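Just so it is clear, the model here is predicted, and its values are computed rather than measured. A note on names: the letters A, B, ... follow the listed sequences, proteins ahead of strands, and every chain is numbered from 1.
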2 protein chains.
Amino acid sequence: MLRLSKKSEYALMAVKYMALNQNGKCITVKEIAGIYGISFQLLAKLMQKLVKNNIIISQQGTKGGYMLNKQTKDILLADVISAIEENYSLTDCIESEDPEDSCARANCCIIRDPLAKVQQKINRIFAETTIKQIL
Amino acid sequence: MLRLSKKSEYALMAVKYMALNQNGKCITVKEIAGIYGISFQLLAKLMQKLVKNNIIISQQGTKGGYMLNKQTKDILLADVISAIEENYSLTDCIESEDPEDSCARANCCIIRDPLAKVQQKINRIFAETTIKQIL
DNA sequence: TTATATACGACTTAATTAGTCTTATATATA
DNA sequence: TATATATAAGACTAATTAAGTCGTATATAA
Ligand code: SF4
Ligand code: SF4
């Protein structure tokens with residue numbers, strides 16, 4: 001269906017929200033989750049993934065929360081999405097080191113290479129769009 | 001996860017197979033399903049969708065089967081995929097006449113418009129690729 | 001020491017995708 | 001005209017993935 005997961009949407013919202021509202025101070029999960037009606041626990045774990053991908057940094061404890069770790073011009077759409085989605089590819093075989101391992105049809109498949117090229121074009125779109133551009 | 005459905009893959013395989021192997025004669029579901037290890041019943045229904053979208057034409061009965069209804073340069077990737085997927089959009093709100101009807105967050109969402117622009121770029125990729133180009 | 005915040009694995013539920021079953025209809029050909 | 005072969009199509013089931021929840025641990029400012 002080519003859908004982005006809700007998780008990716010939430011993460012994008014959070015990153016954009018932080019870009020617009022952090023002014024040297026931390027922003028909490030509670031705040032973002034409250035504003036957009038996102039499950040607190042779910043968003044919390046997405047934020048943790050963003051931390052692991054160096055997109056944001058966390059501060060635990062009272063007055064804690066999150067802050068962006070980069071300038072908005074240096075955060076790509078691809079960064080945020082790939083931090084959340086394990087692999088966002090059109091097919092099972094793409095991005096797999098051994099295609100035959102990921103798909104039983106890999107050896108007889110006539111659309112594998114064409115779709116891989118389409119994938120590259122899509123990747124380019126995500127890699128050419130920065131958070132700054134979508135503020 | 002941004003995956004194309006297996007159904008779309010099967011339909012694409014079938015269209016490409018027909019383009020390569022039909023020489024004025026019909027090609028049956030059985031033949032295609034057999035070669036690529038696709039469920040017969042499943043592929044049969046995909047073919048029916050392709051018929052409804054005027055991509056192929058069907059011939060019932062003995063010696064029946066399917067034939068392409070257009071030249072390969074006139075069949076777009078977008079045609080095949082949209083024939084199979086009800087709507088292939090990044091988010092629930094895109095392609096919905098009333099966004100608020102499709103998503104409760106539509107009024108407070110800050111990523112709707114940016115993602116709609118990304119969608120347009122992706123649509124362009126699918127609309128610029130023809131079956132002829134992937135033979 | 002307490003209140004507030006993130007960290008994170010395990011688990012459950014909901015939704016979607018993929019595949020199957022069944023019956024009907026069309027048609028070439030013997 | 002009977003038969004074998006092919007598509008047409010709705011209802012149903014199984015498998016997979018996505019979305020959300022629960023519980024517990026850890027960090028830290030005040
Ligand atoms: S090899 Fe072909 S069938 Fe298998 S995942 Fe890749 S594109 Fe799909
Ligand atoms: S309005 Fe926002 S949250 Fe809702 S589907 Fe569209 S992008 Fe996603």
**Q** Would you indicate which nucleotide in C:dA26, D:dT17, C:dT17 comes nearest to any side-chain atom of B:Glu86?
**A** C:dT17

**Q** Over how many whole Å does the gap from A:Glu9 atom CD to D:dG20 atom P extend?
**A** 10 Å

**Q** Once you apply a heavy-atom cut-off of 4.0 Å, does A:Lys52 come out as touching a base, just sugar-phosphate, or nothing?
**A** sugar-phosphate

**Q** For the side chain of B:Gln48, starting at C-beta, report the closest nucleotide among D:dT7, D:dA30, C:dT6.
**A** D:dT7

**Q** Counting only side-chain nitrogens and oxygens, does A:Ser58 get under 4.0 Å of the OP1 or OP2 atom of C:dA7?
**A** yes

**Q** Starting from P on C:dT4, measure out to OH on A:Tyr66 and report it in whole angstrom.
**A** 18 Å

**Q** Using whole Å, report how far CG of B:Leu43 lies from P of C:dA18.
**A** 14 Å

**Q** Closest approach to the side chain of A:Leu42, judged atom by atom: which nucleotide of C:dT25, C:dT6, D:dA19 is it?
**A** D:dA19

**Q** Would you say the side-chain atoms of A:Gln22 and A:Tyr66 include a donor-acceptor pair closer than 3.5 Å?
**A** no

**Q** Tell me yes or no: between the side chains of A:Glu85 and A:Ser5, is some donor less than 3.5 Å from an acceptor?
**A** yes

**Q** Side chain of B:Val29, heavy atoms from C-beta onward: which of D:dT7, C:dT27, D:dT28 has the nearest atom to it?
**A** D:dT7

**Q** Taking the side chain of A:Gln41 as heavy atoms from C-beta outward, which of D:dT7, C:dC8, C:dT27 is closest to it?
**A** C:dC8

**Q** Quickly work out the B:Lys25 NZ to D:dT5 P distance and round it to whole Å.
**A** 19 Å

**Q** Between C:dT6, D:dT28, D:dA19, spot the one nearest the side chain of A:Lys6, thanks.
**A** D:dA19

**Q** Which comes earlier along DNA chain D counting from the 5' end, the contact point of A:Ser39 or that of A:Gly61, where each point is its nearest nucleotide?
**A** A:Ser39

**Q** Return the minimal non-hydrogen interatomic distance between A:Ile94 and A:Ser89, and the atom names on each side.
**A** O-OG, 3.7 Å

**Q** Taking OP1 and OP2 of D:dT17, is either one under 4.0 Å from a side-chain nitrogen or oxygen of A:Ser5?
**A** no

**Q** Would you indicate which nucleotide in C:dT4, D:dA8, C:dT6 comes nearest to any side-chain atom of A:Gln60?
**A** C:dT6

**Q** I need the minimum non-hydrogen distance between B:Arg105 and A:Tyr36, along with the two atoms involved.
**A** CD-O, 3.0 Å

**Q** Are A:Lys6 and B:Asp92 within salt-bridge range, i.e. N to O under 4.0 Å?
**A** yes

**Q** Any base atoms under 4.0 Å from A:Met47, or only sugar-phosphate, or nothing? Heavy atoms, all strands.
**A** nothing

**Q** In whole angstrom, give the distance that lies between atom CG of B:Asp92 and atom C1' of D:dA18.
**A** 12 Å

**Q** Return the value, rounded to whole Å, for the distance between atom CG of A:Leu2 and atom P of C:dT17.
**A** 11 Å

**Q** Quickly work out the B:Lys49 NZ to C:dG19 P distance and round it to whole Å.
**A** 14 Å

**Q** Which whole-number value in Å describes the distance from A:Lys30 NZ to C:dT6 P?
**A** 10 Å

**Q** Counting side-chain heavy atoms from C-beta on, which of D:dA29, C:dG19, D:dT7 comes nearest to B:Tyr10?
**A** C:dG19

**Q** Looking at every heavy atom in both B:Ser8 and B:Leu4, which two are closest together, and how far apart are they?
**A** CB-CG, 3.9 Å

**Q** Watson-Crick or G-U wobble partner for D:dA30, using a 3.5 Å limit on both distances?
**A** C:dT1

**Q** From the options C:dA28, C:dA18, D:dA29, select the nucleotide whose nearest atom is closest to the side chain of B:Lys7.
**A** C:dA18

**Q** Please determine, for the side chain of B:Lys45, which listed nucleotide (D:dA29, C:dT27, D:dG10) has the closest atom?
**A** D:dG10

